[in-house]
Amino acid sequence: MVFESPLVDASGRQIGWMGSILDITNAKRMEDRERRQGETLAHNARLTMLGEVASTLAHELNQPLTAIASYNAGIANSLAKLGVQDELVLGALQRLGQQAEHAGRIVARIREFLTRREPRHEHCDLHEVIVAAIELLKRDCQRRGVTLDVNLAPDVPAVLADAVLIEQVVINLVRNAADALLARESGRRIAVSSRVAGEFVRIDVCDNGPGLAGLRVEQLCAPFYSTKTDGMGMGLAICRSIVEAHQGVLDASEAPGGGALFSFSLPLT
Ligand SMILES: Nc1ncnc2c1ncn2[C@@H]1O[C@H](COP(=O)(O)OP(=O)(O)OP(=O)(O)O)[C@@H](O)[C@H]1O
Ligand SMILES: [Mg+2]
């Protein structure tokens with residue numbers, strides 16, 4: 001840092017300049033370190049709280065989920081004994097059982113992640129994950145009159161990631177978009193796209209809903225922030241933790257044509 005000031009004699013006449021140079025490298029370094037420590041502390045506090053909430057939720061949800069699975073198996077057995085062969089009913093029962101199991105796995109994995117804070121790093125085909133997530137949401141979107149456009153770049157390589165957790169991120173973002181679109185009478189659209197951007201693969205979820213009212217990603221992702229009557233405000237907080245645990249970034253901005261644009265990037269290996 002450089003200071004300079006005019007050098008004046010007793011009569012006030014400027015006779016030169018006076019300068020001093022101060023080395024503030026260390027002070028800057030300390031400042032940086034303090035800021036980083038502050039960010040880490042805030043991040044850890046967020047994760048600890050999420051971990052506790054997730055543990056409680058997992059505990060509360062496991063019992064009803066186990067009950068659903070065993071009632072389901074019981075009904076399937078009884079129907080088999082009765083000789084029922086209705087494809088529609090048997091197929092629905094089978095899917096019910098699969099979904100109960102899937103829900104159990106999601107709860108277990110999110111709890112494992114939020115308490116252990118380590119996602120699994122396995123070769124993961126992001127497009128498979130996105131397609132699986134969309135498959136689960138398709139019917140719900142149709143019912144709400146939402147058109148889902150999926151535009152996946154053909155050249156996205158596999159990443160090292162936890163597929164179950166990343167699927168949850170996609171599902172949460174698309175669900176939020178579909179919720180926001182309820183504010184619109186018609187022409188409800190969600191676009192999901194992927195592309196490689198430098199060392200990252202980036203997934204965008206864009207809607208033409210009311211947008212983010214100037215809120216930034218930190219505010220939207222704060223645990224328990226929700227504008228919905230039945231919202232917990234945990235969706236984005238968990239999404240952000242999952243993405244950051246993969247050394248990725250979750251971001252939110254206004255979409256070019258109005259609406260919201262949520263995106264997350266994961267590092268390519
Ligand atoms: N696509 C979007 N457009 C407009 N607002 C959004 C969008 N996505 C999220 N938000 C805002 O961010 C808030 C927080 O979202 P978040 O997913 O964390 O919680 P939630 O959806 O309210 O509840 P839940 O815990 O069930 O997910 C929402 O309540 C909503 O106000
Ligand atoms: Mg949500």
Side-chain angles (χ1 to χ4, degrees), residues 42-43 45-61 64-65 102-103 106-107 109-111 113-114 130 133-134 136-138 140-141 143-151 164-194 202-245 248-265:
H43 182 68
R46 235 173 28 228
L47 279 182
T48 305
M49 182 165 60
L50 290 180
E52 277 161 20
V53 174
S55 282
T56 314
L57 266 184
H59 186 74
E60 297 294 325
L61 284 176
L65 281 174
H102 189 55
I106 292 169
V107 169
R109 190 68 72 82
I110 288 186
R111 177 192 184 187
F113 161 67
L114 286 172
I130 295 172
I134 299 286
L136 285 174
L137 297 165
K138 222 166 53 186
D140 204 31
C141 283
R143 231 191 19 241
R144 294 171 174 218
V146 174
T147 310
L148 257 175
D149 287 326
V150 184
N151 195 350
V164 174
L165 295 177
I166 299 298
E167 186 183 295
Q168 286 309 300
V169 176
V170 178
I171 289 176
N172 270 297
L173 295 183
V174 176
R175 270 221 181 105
N176 276 350
D179 288 346
L181 283 169
L182 290 177
R184 239 187 118 97
E185 285 295 315
S186 61
R188 299 170 175 165
R189 300 193 85 88
I190 299 175
V192 181
S193 58
S194 69
R202 180 179 153 147
I203 314 293
D204 284 347
V205 178
C206 188
D207 64 65
N208 62 348
L212 302 174
L215 290 178
R216 284 177 303 118
V217 69
E218 284 78 22
Q219 296 162 297
L220 295 160
C221 291
F224 308 117
Y225 170 76
S226 176
T227 52
K228 301 170 195 170
T229 42
D230 60 345
M232 258 225 301
M234 290 300 288
L236 285 176
I238 292 177
C239 286
R240 188 181 186 194
S241 293
I242 291 176
V243 171
E244 287 180 358
V249 181
L250 178 86
D251 208 0
S253 59
E254 305 289 342
L261 167 61
F262 280 82
S263 64
F264 65 95
S265 306

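Remember, it's 1-based here, ligands and their atoms both numbered in the order they're listed. The first residue in the sequence is number 1, and the count goes up from there. Here the structure is a predicted model, which means the values were calculated and not measured.
- Taking each heavy atom of Asn172 and Gly235 in turn, the nearest pair found is OD1-CA, 3.7 Å.
- Between Phe262 and the choices Ile203, Val174, Leu212, Val169, the side-chain contact (heavy atoms from CB on, under 4.5 Å) rule is met once, by Leu212.
- Scanning both residues, Leu181 and Gly209, for their nearest heavy atoms gives CD2-N, 3.5 Å.
- Look at Ser226 and the Mg ion (ligand 2): no N/O/S atom of the residue is under 2.8 Å from the metal.
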May I have the list of side-chain donor-acceptor pairs in residues 215-226 shorter than 3.5 Å, sequence neighbours left out?
unit_1	atom_1	unit_2	atom_2	d
Arg216	NH1	Glu218	OE1	3.3
Gln219	OE1	Arg216	N	2.8
Ser226	OG	Lys228	N	3.1

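- For the residue pair Glu167 and Ala133, the shortest heavy atom distance occurs at CG-CB, 4.0 Å.
- Sorted by chain and number, the heavy-atom contacts of ligand 1 below 4.0 Å come from Asn176, Ala177, Ala180, Asp207, Gly211, Leu212, Leu220, Tyr225, Ser226, Thr227, Lys228, Gly231, Met232, Gly233, Met234, Gly235, Leu236, Ala260, Phe262.
- A pairwise comparison of heavy atoms in Pro64 and Glu60 identifies CD-O, 3.0 Å as the closest pair.
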